Structure formats: structure tokens, C-alpha cells
Amino acid sequence: MKQRWSRWALTAGALTISATAFAAGPSAEMLSNACAGCHGTHGGSAGLTMPSLASQSKTAIVEAMKKFKSGERPSSIMGRIAKGYSDEQIDMMGDFFSKQKFHATSQAVDAAKAKKGADLQEANCSRCHLDDGKDGKDDTPVMASQWLPYLQMQMQLYQSGARKMPDKMAEKVKPLSKEDLDALLHFYASVK
Amino acid sequence: MTMQRRDFLKLVGAGAGISAATALSGCAGTGLSDTTGGRRVVVIGGGYGGTIAAKYIRMMDKSIEVVLVERNDHFVSCPFSNLYLGGILPDLSTLTIKYDKLTTNHGVKVVQAEVTGIDAAGHVVQTSRGPIKYDRLVVSPGIGFRTEEIKGYDAKTPEIMPHAWKAGPQTLLLRKQLEAMPDGGTVVLSIPLGPFRCPPGPYERTSMIAMYLKKHKPKSKIIVLDANPDIVSKGKLFKKGWAKYYQGIIDYRPAKKVTEIDTGKMTVLVEGIEEVKGDVINLIPPQRAADIAVAAGLVGDDKRWCPVNMATFESAKHKDVHVIGDASIAGAMPKSGYSANSEAKICATNVVALMNKREIVGLSGINTCYSYITEKEAVSVAAVYTLQDGKIVGVKGSGGVSPDLNEAEAIFAKSWLNNILTEMST
């Protein structure tokens with residue numbers, strides 16, 4: 001951009017227009033920093049119902065934003081915010097947050113539940129939610145260290161049908177009891 | 001956030017003590033008066049805007065020295081202070097932050113001092129602890145009051161008719177007055193003509209005071225004298241909530257501008273003719289940018305608010321000085337805490353760009369704001385902002401208010417507060 005500007009300035013000769021008038025569009029960082037008031041600096045949330053976006057799967061963020069925008073995924077405020085961005089900008093934000101350092105949280109979880117959840121994760125979820133839910137390289141969202149109230153809220157939305165589960169996930173979740181699911185969430189919240 | 005309640009009460013209970021301590025350290029000097037090394041940004045004000053500007057400049061460019069000048073050693077959030085008035089919060093401790101982690105985590109130099117003047121030509125900030133030189137200055141001073149427009153208002157008025165529009169001792173005082181008021185009493189809340197800090201704030205306050213009265217003093221009522229022709233923000237939702245929960249308690253009167261007061265008789269006068277008496281009077285005066293911004297010549301032709309280049313928040317009045325937050329004229333962005341947070345990042349990004357002679361980065365901002373109507377139900381407003389023809393405008397199709405009062409947003413609001421205060425203090 002800078003190069004293009006100087007070349008243009010050269011051909012334009014004596015034109016003296018302030019550089020501000022020709023400001024580039026918002027950068028990925030500019031777009032993403034605006035989210036940090038709620039989602040924490042660089043996407044590391046301080047809780048309790050706001051998810052961390054740091055190191056999140058880029059695909060997961062982009063899909064979530066597009067679904068908020070279309071109304072397919074239920075929300076209170078995110079739908080109104082997502083409508084403020086182009087698909088290209090959503091892509092830039094997804095890219096920015098996916099590259100931030102993993103945000104480990106310290107939260108109180110039930111140790112017995114977390115232990116049970118670890119076994120359930122291994123048996124049921126680990127083929128997609130790799131590395132105890134820490135890996136967000138593909139399209140599977142990072143679950144590790146997300147705040148428990150956020151995880152519980154989303155599971156409620158899944159259970160009520162307000163948020164649609166991916167088919168592969170629905171298959172695994174269906175046979176699990178309420179207690180099993182709760183244990184799983186305690187496990188994910190405890191992973192650092 | 002982790003401060004003990006006792007320590008906090010010590011702090012806010014002793015307003016005079018704080019000033020005295022500041023004055024005592026006045027002779028200590030700042031060590032920042034001579035040269036800047038060409039890389040110093042001074043930030044005035046440690047609130048929603050200033051803390052974020054200071055932190056983000058340091059995060060983006062460690063070669064820039066950042067000095068944050070703030071008169072207090074802590075900050076009390078205005079957002080959520082209405083919940084203390086309503087009795088939801090037992091004290092202000094969860095609304096209070098300190099600055100030490102901005103120093104340890106980001107290397108922000110915090111100077112506790114009163115700013116007494118700005119010499120824009122000389123690039124110097126005058127403070128109670130001596131002068132501080134700067135290369136660029138970010139001013140985030142908040143609001144001041146146009147008390148001269150209310151006949152009978154003097155320096156003692158806020159002790160009798162608190163505004164509680166800057167959170168801290170004023171908030172504690174208003175709560176104390178509400179507690180002391182006998183059942184059957186009348187609270188008068190006077191709202192000035194906009195623009196003022198936090199457009200939905202007075203109506204959330206009305207809700208919270210009504211909630212307190214309903215629970216503890218059911219024979220009492222609150223008369224709202226609003227200088228504006230109607231509720232300024234989230235109007236339909238507030239009216240719906242009031243009709244549902246506070247019928248007979250809230251007496252809302254639009255287009256009633258208070259022009260005169262009598263603190264002895266505890267009355268206010270609407271347009272010089274209609275007298276209204278209150279047992280508790282919460283008088284929110286009309287507003288402008290904080291005194292320091294006015295004194296420094298940063299306000300525009302209206303003598304109230306600070307015009308800026310909206311791309312960078314650089315003052316239209318003084319070069320190398322930026323104004324953010326409530327004091328600035330930021331187009332469609334409201335005078336809110338989240339706006340100040342967002343403006344601070346836009347400003348920080350471009351202060352760093354300007355100091356490195358790089359191209360200005362295009363603007364993108366957000367506002368989100370929650371208001372409580374009852375202990376369990378809240379509403380929100382949100383928007384995304386961009387720059388169009390040099391002006392900040394809402395992105396078409398984005399934003400709006402909640403469809404209805406709801407319990408989920410009362411929960412989300414607490415997470416909002418937790419995150420934004422954590423961002424400001426870590």
C-alpha cells in the first residue's frame with residue numbers, strides 16, 4: 001500500500017492532499033481490537049459468558065460470525081455486531097485471533113467431574129477435538145480453557161435445538177447423559 | 001478488582017485525604033520535565049479511554065515511552081454504578097481498578113498528579129508534581145459540568161443535590177440519601193439536554209432507584225424531569241419495563257428543563273416557573289468536556305466538546321494532541337465506556353503510525369452497552385462504526401437494541417464489566 005501511494009504521489013506531482021483522506025481500510029488488528037472490550041485483550045477472555053477467541057480455529061470463528069450474521073446461530077448482541085462486517089473482514093478477524101497465544105484460564109471446576117470428563121472426551125470427542133480440545137488448526141473449535149458458564153450456555157442451546165449441532169457431533173452427544181455432558185464441560189474448562 | 005472492601009472504603013471515604021497526599025508529593029517532581037527522547041506519549045486520564053490508549057500504544061510499539069497522568073490512584077467505573085444505587089451491589093469494589101499492572105505488564109509510567117494546564121505550543125503538560133514534556137499527547141479527561149446554566153448552583157450544591165455522574169464519593173452520597181429518606185418521600189431526578197455522558201444512563205438510574213423504592217419504600221416515588229423531548233436511548237424498552245414493574249412509582253415528565261434550584265428549600269424550578277420539591281434530588285447538570293480540555297482550548301465553537309480529526313482523534317485545535325472518550329466529538333459514536341475503549345484503540349494505532357511516519361490505519365469501532373431495568377432483566381444497544389467522508393458513522397445494517405427485556409443480557413452485562421475492567425487494568 002505504501003509503495004502504491006508513493007508511486008501515485010509521484011505521478012500526481014504537486015497535489016497536496018492529506019494522507020488521512022487516503023487511509024487504507026481497517027487492518028485485521030484494528031478490526032479485532034474493537035472486540036477485545038468484551039472478549040479480552042487479543043481475545044483472552046476474563047469470563048464468564050464471553051468465549052476466548054485467542055488461538056481459536058479460524059474456520060470456527062468465521063463460521064460463527066457468518067451464522068450470527070444470518071441469524072442461523074442464536075445470539076443477543078452478536079447478530080447485531082456481525083452484520084457490521086463484510087465476509088472479507090470476518091476472514092481477517094478470524095485469521096488474527098487464530099494466531100494469538102492460547103489463553104489458559106484458572107477457574108474452579110469439580111475435580112471428579114473433570115476426571116470423568118477426561119475419559120468421556122477420550123472415548124467420544126478426541127477424534128475431532130484434538131489435543132484435549134486445545135487444537136484449533138482445523139475447523140473444530142478450541143474447547144480447552146473456555147469458561148464453564150459459556151460452555152454450559154452453549155450446550156443448553158444445542159440441547160434445546162436453538163443452536164444446530166454438526167451431524168458428527170450430534171451422533172456422539174445423543175447417547176450421553178446430562179451428567180456425562182456436564183462432566184465433559186468441566187474437563188474442557190480445566191484444560192490448560 | 002481484588003482490592004479489599006476496607007481498603008477501598010478508606011480510599012473513597014477520604015476524598016480530602018487523597019488530595020492532601022497528592023499535594024504532599026507535589027514537590028517530588030516527575031523526572032520527565034526536560035527531554036522526551038523524541039518518543040514520549042503522555043496520556044491524561046486513567047478511565048475507560050486513557051488506560052486503554054496507554055496500554056495499546058505500549059503493546060504496539062515498545063520503543064515509545066508512555067506516561068499516564070491521573071489524579072487518583074484508582075478508578076471507579078460509572079457503568080454499573082446505578083446497580084449500587086439500586087442495591088444490587090453491596091459496594092463499589094467490583095467497579096474499582098488500580099493501575100499497577102499497567103506498569104508491571106506493559107511498562108506504562110503512571111504519575112499520580114493533577115493536570116493544571118497544557119502548553120500545546122511547548123509540548124508540555126503542567127501538573128501538580130511539575131511539568132511533563134511530550135511528543136504526542138492523548139487527552140481522555142471525561143466530562144465537566146455547565147453548572148453556570150443553573151441558577152443557584154454553587155460549589156456546595158453537589159453535597160446537597162448530588163449528580164453522581166462521576167462514580168465514587170458522589171455515588172456513595174446519593175445512596176446514603178436514598179437510604180435516609182423516609183417511606184413516602186419523593187426522589188427528583190433531573191436529566192440535562194443531550195449530549196451527555198452515557199445516553200441510557202439516566203433511565204437505567206431511574207429504573208434502579210424505582211426498584212429500590214418498590215422494595216424498601218413502597219409509598220415513595222421518583223419524579224423524572226427530563227430536559228429532552230423524550231427518552232434519549234432504548235426508549236421503548238425502558239417505557240415497557242417501567243409500565244411492567246414500576247407503575248405508580250416512576251413519574252416521567254419529558255421536556256422539563258431545570259433552570260434554577262434552591263438547596264435550602266430542596267426545590268428545583270423548571271423553565272423558571274414550575275417548582276418541584278424533592279426529599280432527595282439527583283441533579284445531573286448539563287455537560288461539556290472536562291475543565292482541563294476547556295482551559296487548554298481544545299473545545300470547539302460550541303465551547304463544549306472537542307472537535308477532532310475522526311480518523312486519528314487528533315485535535316482540530318492543537319497539533320500533536322489527541323482527544324478521546326466523552327470529551328471528543330466522535331460522530332455517531334456515543335459518549336459511552338465501550339466507545340471510549342474503542343476510540344482509544346483507534347487513536348493508539350494511529351498515534352503509533354504517526355510517530356513512525358507510517359500510513360494511517362482505517363477506522364473500525366464498536367459500541368456495546370447494557371442497561372438494567374430490574375435485578376434480573378436488562379437490555380442492550382450495540383453498533384459497529386466506520387469512517388465515511390471523514391466522519392464516523394454506523395455501518396449500515398448493523399447494530400440496534402434488544403428485542404425485549406431479558407434475563408440473559410443481565411448475565412452477559414456482568415461479563416461485559418468483568419472483561420472491560422480487566423482489559424483496562426492488566
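Chain identifiers are assigned alphabetically (A, B, ...) following the order of the sequence lines, protein sequences preceding nucleic acid strands; residue numbering begins at 1 within each chain. In this text the structure is predicted, and so the values were computed from the model without any measurement.
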Mind listing the closest non-hydrogen atom pair of [X] and [Y] along with its distance?
| X | Y | answer |
| --- | --- | --- |
| A/Pro26 | B/Ser364 | CB-CB, 3.8 Å |
| B/Val361 | A/Ser27 | CG1-OG, 3.5 Å |
| A/Ala36 | B/Tyr56 | CB-OH, 3.6 Å |
| B/Ala382 | A/Ile77 | CB-CG1, 3.6 Å |
| A/Gly37 | B/Lys345 | N-NZ, 3.5 Å |

Side chain, backbone, both or neither of [X] within contact of chain A (heavy atoms, under 4.5 Å):
| X | value |
| --- | --- |
| B/Ile366 | both |
| B/Tyr370 | side chain |
| B/Asn367 | neither |
| B/Glu423 | both |

So, do [X] and [Y] sit near enough that their side-chain heavy atoms are less than 4.5 Å apart?
| X | Y | result |
| --- | --- | --- |
| A/Met30 | B/Ile346 | yes |
| B/Lys55 | A/Thr41 | yes |
| B/Met59 | A/Asn33 | no |
| A/Cys38 | B/Phe412 | no |
| B/Val395 | A/Tyr85 | no |
| A/Arg80 | B/Ser380 | yes |

With chain B as the partner, which of A/Cys35, A/Gly44, A/Ser45, A/Gly47 has the greatest number of non-hydrogen pairs under 4.5 Å?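 So the answer, after comparing A/Cys35, A/Gly44, A/Ser45, A/Gly47, is A/Gly47.
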Around atom [atom1] of [X], are there more than 12 heavy atoms from other residues, nucleotides or ligands closer than 6.0 Å?
| X | atom1 | value |
| --- | --- | --- |
| B/Lys240 | NZ | no |
| B/Lys62 | NZ | yes |
| A/Gln107 | CD | yes |

Under a 3.5 Å distance rule, please check whether B/Asn418 uses its side chain to pair with a backbone N or O of A/Ala46 as donor and acceptor.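 Yes; judged by distance alone, with no hydrogens or angles, the pair exists.
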Taking every non-hydrogen pair under 4.5 Å, which of B/Ser402, B/Ala408, B/Gly365 racks up the most with chain A?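 Ranked by contacts with chain A, first place is B/Ser402.
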Look at B/Asn419, B/Val384, B/Ile52 and state which one has the largest set of heavy-atom pairs under 4.5 Å with chain A.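 The residue among B/Asn419, B/Val384, B/Ile52 with the greatest pair count is B/Asn419.
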Contacting moiety of A/Glu29, where chain B heavy atoms sit under 4.5 Å: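 Side chain only.
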Value rounded to 0.5 Å, distance of NZ in B/Lys414 from CE in A/Met50: 12.5 Å
Separation between OG of B/Ser415 and CH2 of A/Trp147, rounded to the nearest 0.5 Å: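 The distance works out to 9.5 Å.
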